[in-house]
Amino acid sequence: VQLVESGGGLVQTGGSLRLSCAASGVTFNSFTMGWFRQAPGKEREIVAAIVSGGHTFYGDSVKGRFTISADNAKNTVYLQMNFLQPEDTAVYYCAADRQIGGVRDYEYEYWGQGTQVTVSL
């Protein structure tokens with residue numbers, strides 16, 4: 001399994017970014033795909049997750065602003081982030097879980113290298 005994130009960068013408050021996670025060795029209909037983030041000095045937290053059938057889960061801090069989606073044909077998971085705030089600044093990780101419905105980081109077996117998102121004032 002290989003997960004490669006892209007799309008991070010520097011954006012101003014209120015702006016948008018779309019992260020991509022290109023997955024190999026993963027079949028989306030049997031994995032949970034998740035996005036996590038970790039800010040300096042803070043624990044890693046769930047941002048969003050998606051399972052087969054399009055069922056999604058969002059962390060409380062991003063509900064209504066972020067959207068997770070999956071393109072099965074491209075084997076890619078996306079995280080559309082709108083109305084970004086400075087507190088969204090973190091390294092964002094894509095992860096895959098062989099079990100269905102995981103929302104805790106220890107439930108995920110496979111991880112990408114992470115992509116930095118920085119939101120300026």
Side-chain angles (χ1 to χ4, degrees):
V1 174
Q2 187 175 18
L3 305 173
V4 180
E5 303 99 333
S6 61
L10 175 65
V11 65
Q12 290 185 331
T13 296
S16 298
L17 281 175
R18 188 177 80 156
L19 305 183
S20 299
C21 172
S24 59
V26 171
T27 51
F28 287 172
N29 62 0
S30 58
F31 279 74
T32 300
M33 299 300 297
W35 284 98
F36 290 79
R37 68 185 182 186
Q38 188 166 23
K42 294 188 178 181
E43 294 186 355
R44 189 161 52 188
E45 63 174 352
I46 182 84
V47 176
I50 188 167
V51 299
S52 176
H55 300 291
T56 57
F57 171 88
Y58 294 94
D60 288 342
S61 62
V62 306
K63 284 180 181 177
R65 299 188 298 125
F66 291 11
T67 303
I68 188 171
S69 61
D71 185 330
N72 290 349
K74 295 183 178 180
N75 237 40
T76 300
V77 179
Y78 302 98
L79 183 69
Q80 178 66 43
M81 306 186 294
N82 298 327
F83 305 108
L84 283 161
Q85 302 297 312
E87 51 266 36
D88 295 316
T89 295
V91 177
Y92 283 70
Y93 297 92
C94 176
D97 174 13
R98 289 186 176 274
Q99 304 298 320
I100 299 300
V103 297
R104 296 175 178 81
D105 57 357
Y106 59 79
E107 297 176 287
Y108 286 73
E109 296 91 346
Y110 306 103
W111 292 82
Q113 81 287 354
T115 186
Q116 176 71 46
V117 171
T118 303
V119 184
S120 64
L121 291 170

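Quick caveat: nothing in here was measured; it's all calculated off a predicted structure. In this chain, numbering begins with 1 at the start of the sequence shown.
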Colleague: Side chain of Ser24, backbone of Val1: donor and acceptor closer than 3.5 Å?
Modeller: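 Here the side-chain-to-backbone pair does not exist.
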Colleague: So, Thr115 side chain and Tyr92 main chain: donor-acceptor pair closer than 3.5 Å or not?
Modeller: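 No.
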Colleague: What pair of heavy atoms forms the shortest contact from Asp97 to Glu107, and how long is it?
Modeller: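 For Asp97 versus Glu107, the nearest heavy atoms are OD1-O, 2.8 Å.
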Colleague: List the steps and the verdict of side chain to side chain contact (heavy atoms under 4.5 Å, CB included) for Met81 and Val62.
Modeller: CA-CA 9 Å; Met81 306 186 294; Val62 306; over 6 Å; no
Colleague: Transitively linked via ILVMFWY side-chain contacts under 4.5 Å: Leu17 with Val91?
Modeller: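 They do not share one cluster, since no chain of ILVMFWY contacts under 4.5 Å joins Leu17 to Val91.
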Colleague: Same cluster or not: Met33 versus Phe66, using hydrophobic residues (I, L, V, M, F, W, Y) connected whenever any side-chain heavy atoms lie under 4.5 Å apart?
Modeller: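 Met33 and Phe66: one cluster.
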Colleague: Looking at CD1 of Ile100 and OG of Ser30, how far apart are the two atoms once the value is rounded to the nearest 0.5 Å?
Modeller: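 With rounding to 0.5 Å, CD1 (Ile100) is 7.0 Å from OG (Ser30).
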Colleague: Does the side chain to side chain contact (heavy atoms under 4.5 Å, CB included) test come out yes or no for Arg65 and Tyr58, once each step is laid out?
Modeller: CA-CA 10 Å; Arg65 299 188 298 125; Tyr58 294 94; over 6 Å; no
Colleague: Got a second to check how far Trp35's CH2 is from Glu45's CD, nearest 0.5 Å?
Modeller: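 Going from the CH2 atom of Trp35 to the CD atom of Glu45 covers 14.5 Å.
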Colleague: Grab the two heavy atoms, one from Val117 and one from Gly8, that are nearest each other, plus how far apart they are.
Modeller: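 Where Val117 meets Gly8 most closely, the heavy atoms are CG2-CA, 4.2 Å.
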Colleague: Calculate, to the nearest 0.5 Å, the distance between atoms CG and OG1 belonging to Leu84 and Thr13 respectively.
Modeller: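 Here the interatomic distance stands at 8.5 Å.
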Colleague: Heavy atoms only: give me the nearest Gln116-Ala90 pair and the separation to one decimal.
Modeller: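 Where Gln116 meets Ala90 most closely, the heavy atoms are NE2-O, 3.4 Å.
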Colleague: Shortest non-hydrogen contact from Gly102 to Ala49?
Modeller: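 That closest heavy-atom pairing would be O-CB, 4.2 Å.
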Colleague: Rounded to the nearest 0.5 Å, what separation is found between the CG atom of Asn75 and the CD atom of Gln2?
Modeller: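 CD of Gln2 is found 12.0 Å from CG of Asn75.
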Colleague: For Gln113, is there any backbone N or O sitting under 3.5 Å from a side-chain donor or acceptor partner on Glu5?
Modeller: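 Flag set: sc Glu5 to bb Gln113 pair under 3.5 Å.
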Colleague: Verify, without hydrogens or angle tests, whether Thr32 (side chain) and Gln99 (backbone) share a donor-acceptor contact under 3.5 angstrom.
Modeller: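 Checking the backbone N and O of Gln99 against the side chain of Thr32, a donor-acceptor pair under 3.5 Å is found.
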Colleague: Quick check for you: to the nearest 0.5 Å, what is the distance between Gln38 atom CD and Glu43 atom CD?
Modeller: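 One gets 8.5 Å once the value is rounded to the nearest 0.5 Å.
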Colleague: Counting distance only, does the side-chain N/O of Gln85 pair as donor-acceptor with the main-chain N or O of Phe83 below 3.5 Å?
Modeller: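 The answer is yes, because a donor-acceptor pair under 3.5 Å joins these two groups.
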Colleague: Less than 6.0 angstrom separating the ring centers of Tyr93 and Tyr108, yes or no?
Modeller: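 Here the rings of Tyr108 and Tyr93 have centres that are no less than 6.0 Å from each other.
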Colleague: On a heavy-atom basis, which atom in Ser20 and which in Thr76 lie closest, and how many Å separate them?
Modeller: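 Minimum heavy-atom contact is CB-CG2, 4.2 Å.
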Colleague: Compare every heavy atom of Phe28 with every heavy atom of Asn72, then report the nearest pair and how far apart it is.
Modeller: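 Looking at all heavy atoms of both residues, the shortest contact is OD1-CD1, 3.1 Å.
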Colleague: Under 4.5 Å between side-chain heavy atoms, hopping through other hydrophobics if needed: is there a path connecting Trp111 to Val47?
Modeller: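 Different clusters.
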Colleague: With hydrophobic residues grouped by side-chain heavy-atom distances under 4.5 Å, do Val77 and Val26 end up in a single group?
Modeller: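 Hydrophobic grouping puts Val77 with Val26.
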Colleague: So, does Asn29 use its side chain to make a donor-acceptor pair with the main chain of Ser52 at under 3.5 Å?
Modeller: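 Not at all, since once roles are kept as given, no pair shorter than 3.5 Å links the two residues.
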Colleague: Looking at Asp71, Ile68, Leu19, which one forms a side chain to side chain contact (heavy atoms under 4.5 Å, CB included) with Tyr78?
Modeller: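 Testing Tyr78 for a side chain to side chain contact (heavy atoms under 4.5 Å, CB included) against Asp71, Ile68, Leu19 leaves exactly one candidate, Asp71.
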